[in-house]
Colleague: 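Quick one: the structure is below, and I'll ask about it shortly.
Remember, predicted model here, so these are calculated numbers, not experimental data. Values below: all heavy atoms of this structure, side chains included; hydrogens, waters and symmetry mates excluded.
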Amino acid sequence: MPTSPAELLSAAYNDADRTIDLRRRLHRHPEIGLHLPRTQAAVLEAFAELPLEVTTGTTTSSVVGVLRGARPGPTYLLRGDMDALPVQEDTGLPFASEVPGAMHACGHDTHVAMLVGAARLLADRRDELAGQVVFMVQPGEEGFHGARYMLEEGLLDVVPEAPVSGAFALHISSTLPSGTVNVRPGPMMAAADQWRMTVRGRGGHASEPHAAADPIPVAAEIVLALQAMVTRQVDVFDPAVVTVAHIEAGSTNNVIPDTAFLEGTIRTLSPERRAAVVAAVQRVATHVAAAHEMTATFEHDPGYPVTVNDVEVAARVLETARTMLGDPAAVLSRAPLMGAEDFSYVLEKVPGAIAWLGACPPGTDPADAPPNHSNLVVFDEEPLPAGVALYAQMALDALRG
């Protein structure tokens with residue numbers, strides 16, 4: 001008899017101690033970026049106990065495990081990211097980070113622990129699988145394009161006879177009710193682009209601005225013009241966020257500087273809006289500067305693309321969560337999140353979805369909880385087995401055969 005969702009959930013809770021233990025071990029020793037040797041070693045140790053075909057990355061510390069089912073069939077991918085953030089932890093948890101200036105402030109330690117737990121559940125149920133499960137354990141999600149590196153190394157073709165044809169990922173959140181599964185079809189998270197600009201004027205004495213070309217008020221004018229550009233030129237139903245996050249100019253109180261530097265981010269939910277807003281930011285800066293007989297140089301660094309959930313897969317996530325965890329746990333997200341995710345690279349290639357697992361600490365209002373990326377963020381560990389079971393159920397449903 002096939003394993004029911006209730007049985008799978010029960011098995012995940014019976015294995016909760018191992019899931020939480022791995023999570024806490026990873027939390028104590030966070031690593032940042034694309035090269036995470038200690039974290040990779042912990043994943044390899046956990047996978048060594050399972051009947052997986054394991055490979056590691058050549059350009060990063062990635063790990064890929066392949067579980068072959070009892071019968072041939074398609075290949076389904078489950079993703080867990082494992083890098084931390086350059087944040088000094090101040091939670092006071094008994095298993096807080098022991099690495100100065102590094103913290104699992106986005107919960108990637110929980111993602112790895114849940115993925116490994118799902119691998120254990122699925123390995124025990126290989127006879128129910130018609131196909132293969134690929135466990136994608138990636139570094140460098142926090143701005144380092146780790147998923148892109150894995151794709152370039154052949155991630156989707158790790159089973160040559162049956163390339164990956166579907167994918168699923170979970171992301172934990174401290175600001176959503178604990179135990180809820182939150183997902184929506186279409187855009188789930190935004191594209192993220194970084195930009196820098198330098199306004200070039202002519203320095204001089206602060207007492208004689210007419211004899212100089214002061215770039216500071218021009219930079220201020222650009223900041224305001226960008227806000228007007230967004231509200232007046234961007235359709236609210238295809239939105240954009242343009243934030244100026246850093247301004248730097250001058251060195252003292254009586255000197256007009258030659259230049260003013262600005263940098264920030266652009267967030268959008270469609271490729272068309274993304275291209276249009278990048279061009280508009282450059283246009284505004286160039287023309288505002290020109291109006292004051294100055295120049296503005298513009299640099300653009302493309303970040304992650306829009307994370308787009310497949311309509312059918314998102315619906316299946318909701319139905320699976322409802323069946324396994326009950327109606328209140330299955331939440332159709334009202335709107336996309338304007339943060340970015342490099343799982344978007346995978347979802348550009350194959351149909352799939354990413355969902356948010358709520359983990360607001362007990363006794364805390366989600367509206368008041370320190371959010372992901374905060375030095376104070378704490379995640380409720382109670383719903384981790386639910387995430388384990390959801391990972392496993394998505395693969396089982398895709399490979400029933």
Colleague: How would you list, by chain and number, every residue that makes a salt bridge (charged side-chain N to carboxylate O under 4.0 Å, His left out) with Glu152, sequence neighbours excluded?
Modeller: Arg148
Colleague: Any donor-acceptor pair under 3.5 Å linking the side-chain atoms of Asp83 with those of Gln138?
Modeller: no
Colleague: Identify the two heavy atoms, one from Ala355 and one from Val181, that lie closest to each other, and give their separation to 0.1 Å.
Modeller: CB-CG1, 4.0 Å
Colleague: Looking at side-chain heavy atoms only, is the closest gap between Val377 and Thr91 below 4.5 Å?
Modeller: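 Counting from C-beta outward, Val377 and Thr91 never come under 4.5 Å.
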Colleague: What pairs of residues pass the side-chain hydrogen bond (donor to acceptor under 3.5 Å, both in side chains) test when at least one of them lies in residues 176-186, not counting sequence neighbours?
Modeller: Ser178-Asp380, Thr180-Asn182
Colleague: Quick one: does any side-chain atom of Thr231 pair with a main-chain N or O of Ala228 as donor and acceptor, under 3.5 Å?
Modeller: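 A pair under 3.5 Å: yes.
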Colleague: Taking all heavy atoms of Gly131 and all of Leu399, pick out the closest pair and write down the distance.
Modeller: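 Looking at all heavy atoms of both residues, the shortest contact is C-CD1, 4.2 Å.
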Colleague: Using the ring pair (Phe, Tyr, Trp, His ring centres under 6.0 Å) criterion, which residues pair with Tyr13? Sequence neighbours excluded.
Modeller: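 Result, ring pair (Phe, Tyr, Trp, His ring centres under 6.0 Å) vs Tyr13: none returned.
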Colleague: Could you tell me whether Arg126 atom CZ has more than 12 heavy atoms of other residues or ligands within 6.0 Å of it?
Modeller: yes
Colleague: Is the shortest side-chain heavy-atom distance between Thr243 and Val241 below 4.5 Å?
Modeller: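 Yes, their side chains come closer than 4.5 Å.
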Colleague: Distance from Leu9 atom CG to Leu390 atom CG, nearest 0.5 Å?
Modeller: 10.0 Å
Colleague: Run the numbers on Val218 and Val288 for side-chain contact (heavy atoms from CB on, under 4.5 Å), then give the verdict.
Modeller: CA-CA 7 Å; Val218 176; Val288 170; 4.2 Å; yes
Colleague: Do Ser270 side-chain atoms and Arg273 backbone N/O form a donor-acceptor pair below 3.5 Å?
Modeller: yes
Colleague: Who passes salt bridge (charged side-chain N to carboxylate O under 4.0 Å, His left out) against Asp157, sequence neighbours left out?
Modeller: none
Colleague: State whether a side-chain donor-acceptor pair under 3.5 Å links His292 with Glu221.
Modeller: yes
Colleague: Say you draw a straight line from CG of Leu26 to OG1 of Thr110; how long is it, rounded to the nearest 0.5 Å?
Modeller: 10.0 Å
Colleague: Do Arg322 and Thr320 have a side chain donor and acceptor closer than 3.5 Å?
Modeller: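 No, no side-chain donor-acceptor contact under 3.5 Å.
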Colleague: So Leu170 and Ile354, side-chain contact (heavy atoms from CB on, under 4.5 Å) or not? Walk me through it.
Modeller: CA-CA 6 Å; Leu170 275 174; Ile354 186 170; over 6 Å; no
Colleague: Are Asp214 and Arg202 packed together at the side-chain level, in the sense that at least one heavy-atom pair is separated by less than 4.5 angstrom?
Modeller: no
Colleague: For residues Val277 and Ala240, report the shortest heavy-atom separation together with the two atoms involved.
Modeller: CG2-CB, 3.8 Å
Colleague: Where the side chain of Asp342 meets the backbone of Ala147, is there a donor-acceptor pair that is under 3.5 Å apart?
Modeller: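 Yes, Asp342 side chain to Ala147 backbone: donor-acceptor pair under 3.5 Å.
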Colleague: How would you list, by chain and number, every residue that makes a salt bridge (charged side-chain N to carboxylate O under 4.0 Å, His left out) with Arg23, sequence neighbours excluded?
Modeller: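 Salt bridge (charged side-chain N to carboxylate O under 4.0 Å, His left out) list for Arg23, sorted by chain: Asp109, Glu381.
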Colleague: To the nearest 0.5 angstrom, please state how far the OG atom of Ser97 sits from the CE atom of Met103.
Modeller: 8.0 Å
Colleague: Restricting to salt bridge (charged side-chain N to carboxylate O under 4.0 Å, His left out), what partner residues turn up for Glu348, sequence neighbours left out?
Modeller: none
Colleague: Regarding Thr58 and Glu153, is there a side-chain donor-to-acceptor distance under 3.5 Å anywhere?
Modeller: yes
Colleague: Find the distance between CZ (Arg316) and CG (Asp310) and round it off to the nearest 0.5 Å.
Modeller: 9.0 Å
Colleague: Calculate, to the nearest 0.5 Å, the distance between atoms CZ and CD belonging to Arg28 and Glu98 respectively.
Modeller: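 Nearest 0.5 Å value for the CZ-CD distance: 6.5 Å.
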Colleague: Got a sec, which pairs hit ring pair (Phe, Tyr, Trp, His ring centres under 6.0 Å) with one end in residues 38-65, sequence neighbours left out?
Modeller: none
Colleague: Looking at side-chain heavy atoms only, is the closest gap between Arg196 and Leu262 below 4.5 Å?
Modeller: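 Not touching, per the 4.5 Å side-chain cut-off.
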Colleague: Can you confirm whether Arg79 sits close enough to Val346 that some side-chain heavy atom of one is under 4.5 Å from a side-chain heavy atom of the other?
Modeller: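 Contact flag for Arg79/Val346 side chains = no.
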Colleague: Under 3.5 Å, side chain of Gln194 to main-chain N/O of Pro302, donor-acceptor pair present?
Modeller: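 Not at all, since once roles are kept as given, no pair shorter than 3.5 Å links the two residues.
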Colleague: How about Met150 and Thr59: do any of their side-chain heavy atoms sit closer than 4.5 Å?
Modeller: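 The answer is no; the side chains never approach within 4.5 Å.
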Colleague: Return the minimal non-hydrogen interatomic distance between Val313 and Ala353, and the atom names on each side.
Modeller: CG1-CB, 3.6 Å
Colleague: Quick one: ring pair (Phe, Tyr, Trp, His ring centres under 6.0 Å) partners of His246, sequence neighbours excluded?
Modeller: Phe261
Colleague: Can you tell me if Gln227 uses its side chain to pair, donor with acceptor, with the backbone of Val223 under 3.5 Å?
Modeller: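 Present.
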Colleague: Ring pair (Phe, Tyr, Trp, His ring centres under 6.0 Å): which pairs involve residues 189-232, sequence neighbours left out?
Modeller: none
Colleague: Show your reasoning for whether salt bridge (charged side-chain N to carboxylate O under 4.0 Å, His left out) applies to Asp124 and Arg120.
Modeller: CA-CA 6 Å; Asp124 288 342; Arg120 288 195 290 265; over 6 Å; no
Colleague: If you measure only the distance, is there a donor-acceptor pair under 3.5 Å linking the side chains of His27 and Glu89?
Modeller: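 Side chains of His27 and Glu89: pair found under 3.5 Å.
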Colleague: Which residue pairs pass the ring pair (Phe, Tyr, Trp, His ring centres under 6.0 Å) test when at least one of the two sits in residues 142-189, sequence neighbours left out?
Modeller: His108-His171, His111-His171, His145-Tyr304, His145-Tyr345, Phe168-Tyr391, His171-Trp356
Colleague: Determine the minimum heavy-atom distance between Pro371 and Ser174, stating which atoms define it.
Modeller: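 For Pro371 and Ser174, the tightest heavy-atom pair comes out as CA-OG, 3.5 Å.
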Colleague: Would Glu263 and Val244 count as a side-chain contact (heavy atoms from CB on, under 4.5 Å) if you check the C-alpha gap in whole Å, the side-chain angles of each, and the deciding distance to 0.1 Å?
Modeller: CA-CA 6 Å; Glu263 66 178 334; Val244 181; over 6 Å; no
Colleague: So, taking the atom named CZ in Arg200 and the one named CG in Asp258, what distance separates them when rounded to the nearest 0.5 Å?
Modeller: 9.0 Å
Colleague: Taking CD in Glu312 as the centre, count heavy atoms belonging to other residues, nucleotides or ligands within less than 6.0 Å. Is the count above 12?
Modeller: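 No, the 6.0 Å shell around CD holds no more than 12 heavy atoms from other groups.
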Colleague: The test is side-chain contact (heavy atoms from CB on, under 4.5 Å); show your working for Met197 and Thr297 and say whether it passes.
Modeller: CA-CA 5 Å; Met197 65 178 69; Thr297 58; 5.8 Å; no
Colleague: Report yes if the side chains of Val350 and Leu77 come closer than 4.5 Å at any heavy-atom pair, otherwise no.
Modeller: no
Colleague: Could you check whether Asp15 pairs with Arg18 (Lys NZ or Arg NE/NH1/NH2 to Asp/Glu carboxylate O, under 4.0 Å)?
Modeller: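 The answer is yes: the pair qualifies as a salt bridge.
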Colleague: Does the side chain of Glu31 come within less than 4.5 Å of Pro37's, by heavy atoms?
Modeller: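 When only atoms from C-beta onward are counted, Glu31 and Pro37 do touch, with a gap below 4.5 Å.
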Colleague: Donor-acceptor pairs under 3.5 angstrom involving side-chain atoms of residues 323-336: please list them, not counting sequence neighbours.
Modeller:
{"from": "Thr323", "atom 1": "OG1", "to": "Glu319", "atom 2": "O", "distance (Å)": "2.9"}
{"from": "Thr323", "atom 1": "OG1", "to": "Glu319", "atom 2": "OE2", "distance (Å)": "3.3"}
{"from": "Ser333", "atom 1": "OG", "to": "Val183", "atom 2": "N", "distance (Å)": "3.2"}

Colleague: What pairs of residues pass the side-chain hydrogen bond (donor to acceptor under 3.5 Å, both in side chains) test when at least one of them lies in residues 61-76, not counting sequence neighbours?
Modeller: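 Checked against side-chain hydrogen bond (donor to acceptor under 3.5 Å, both in side chains) - neighbours excluded - the pairs reaching residues 61-76 are Glu53-Arg68, Thr60-Ser62, Arg68-Glu161, Thr75-Gln132.
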Colleague: For the backbone of Ala279 and the side chain of Gln282, can you confirm whether one donor and one acceptor N or O come within less than 3.5 Å of each other?
Modeller: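 Pair absent, no side-chain N/O of Gln282 close to backbone of Ala279.
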